[in-house]
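Heads up, the thing below is written out as structure tokens.
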Amino acid sequence: MLQSFLLTLYHVFLPISLPVIGGILLKRFRNWDTRSLSTFSLYILSPALIFDTLLHAKITWTDVTGTFWFSIINLIALWALAELLSRIFHLGASEKAGLTLVSTFTNCVNYGLPLVLLAFGQLGLDKASVYVIGQMIIVNTVGIFFAARSEFTVKHAILSVFRMPSIYAAAIAIVLRSTGISLPDALDGGITMLAAGYSPVVLAILGAQMLRPRGSADPWQPNVRRAFWTGLVVRLAAAPVLSYLILTALQVEGILFSVLLILASMPTAVNAVILAEQFNASPQFVSRCILWTTAASMIILPVMIVMSS
């Protein structure tokens, strides 16, 4: 247990911390405005990552069905829970959108994949790729809908999904993969290079978002405070329990069970703060949930890995 905990700190948290610290320093000493880079990430880097992953990942059909149904049912369950809690605590539209992002989307790419590789080896990583690909598509479609509701009507939120290039990148990649058509090496290499830039960029944005600007208004209004504590409870406690129950009901077993349980119990997704910033879905609340769920995961996840193994 102790050895696994220390290895997780060294192999996962140390690499992740470097771009986060860079973002914090830029915000602190250069007053870095992240909005333009958030736009670049959302419209360029994210589609490149989805396209590259879908085109090259080793996807088998063995575990696709179980992973698909788990992803859909888990998303609906967490969405419903966020909606219910938002009504119970009378959250505003912005906090409601932020709570939905915090509750439903996990950091399964930047943090989850290295952790799964460390804990379960290459076999676990192969099984994780199916879930991660689905999550990347969901975050860049359904996630945009969740975030956009804080500013737009349902109609405009749905339309905003189809204005995002990620959904078209996924469709093109699926067509190329199914037809066996290969991209020219130079073009494929360029897209891979863009995809590789996704993680450090979004982690640097996260670091900047974690640092509260000097002279800013106090963000801890009653609604924001309630949303923050509710988000922590949902992501750290309710999400793992729901995931366990859903996986058990679907009769998922073996290493796939462990991998999906860990990925669904990860801290809040880094790109949730990008969506929150783009669509004014209470980004300060979302970034603080990312910070504290990530910190808590240093203790919770090693325990879950040992128990699920």
| field | Check: Leu54 and Arg177 side chains under 4.5 Å, non-hydrogen atoms | value | no

| Taking Thr100 for the side chain and Ala82 for the main chain, is one N or O donor matched with an acceptor at less than 3.5 Å? | no

| said: With a 3.5 Å distance limit and no angle check, can you tell me whether Lys96 reaches the backbone of Leu91 through a side-chain donor-acceptor pair? | reply: no

| Heavy-atom side-chain proximity of Phe285 to Val102 below 4.5 angstrom | yes

| So do Leu194 and Phe51 actually touch side chain to side chain, heavy atoms under 4.5 Å? | no

| field | Step-by-step ring-ring contact (aromatic ring centres under 6.0 Å, His included) determination, Phe68 to Tyr131 | value | CA-CA 7 Å; Phe68 172 80; Tyr131 177 83; over 10 Å; no

| request: State the CG-CG distance between Leu245 and Asn74, to the nearest 0.5 angstrom. | output: 10.5 Å

| If Ile, Leu, Val, Met, Phe, Trp and Tyr residues are connected whenever their side-chain heavy atoms lie under 4.5 Å apart, and connections chain through other members, are Phe120 and Phe257 in the same group? | yes

| query | Within the side chain of Thr53, is there an N or O that forms a donor-acceptor pair under 3.5 Å with the backbone of Ile50? | reply | no

| task | Decide whether Val201 and Leu42 are clustered together by the hydrophobic rule: side chain heavy atoms of Ile, Leu, Val, Met, Phe, Trp, Tyr closer than 4.5 Å, transitively. | result | yes

| field | Arg226/Glu95 salt bridge by N-O under 4.0 Å criterion | value | no

| message | Please tell me whether Trp292 and Val233 are part of a single hydrophobic cluster in this structure, the criterion being side-chain heavy atoms less than 4.5 Å apart. | response | no

| task | State the CG-OG1 distance between Leu49 and Thr192, to the nearest 0.5 angstrom. | result | 10.0 Å

| Check: Ser166 and Tyr43 side chains under 4.5 Å, non-hydrogen atoms | no

| When rounded to the nearest 0.5 angstrom, what distance separates CD1 in Ile133 from CD1 in Ile138? | 12.0 Å

| task | For side-chain contact (heavy atoms from CB on, under 4.5 Å), just list the numbers for Trp69 and Ile246, CA-CA rounded to whole Å, side-chain angles, deciding distance to a tenth of an Å, and then say yes or no. | result | CA-CA 9 Å; Trp69 285 115; Ile246 294 170; over 6 Å; no

| note | One should read off an interatomic distance between Arg288 CZ and Ser282 OG, to the nearest 0.5 angstrom, of 9.5 Å

| Would you say the side-chain atoms of Ser297 pair up with the backbone N or O of Thr294, donor to acceptor, closer than 3.5 Å? | yes

| query | What's the spacing between Ile300 CD1 and Ile305 CD1 if we round to 0.5 Å? | reply | 12.0 Å

| message | Quick one, Thr106 and Arg235 - any side-chain contact, counting heavy atoms below 4.5 Å? | response | yes

| Does the side chain of Leu55 come within less than 4.5 Å of Ile174's, by heavy atoms? | no

| task | Kindly compute the distance separating OG (Ser243) from CG (Leu261), expressed to the nearest 0.5 Å. | result | 6.0 Å

| message | I want to check something: taking the side chain as every heavy atom from C-beta on, are Leu236 and Thr293 in contact at a cut-off of under 4.5 Å? | response | yes

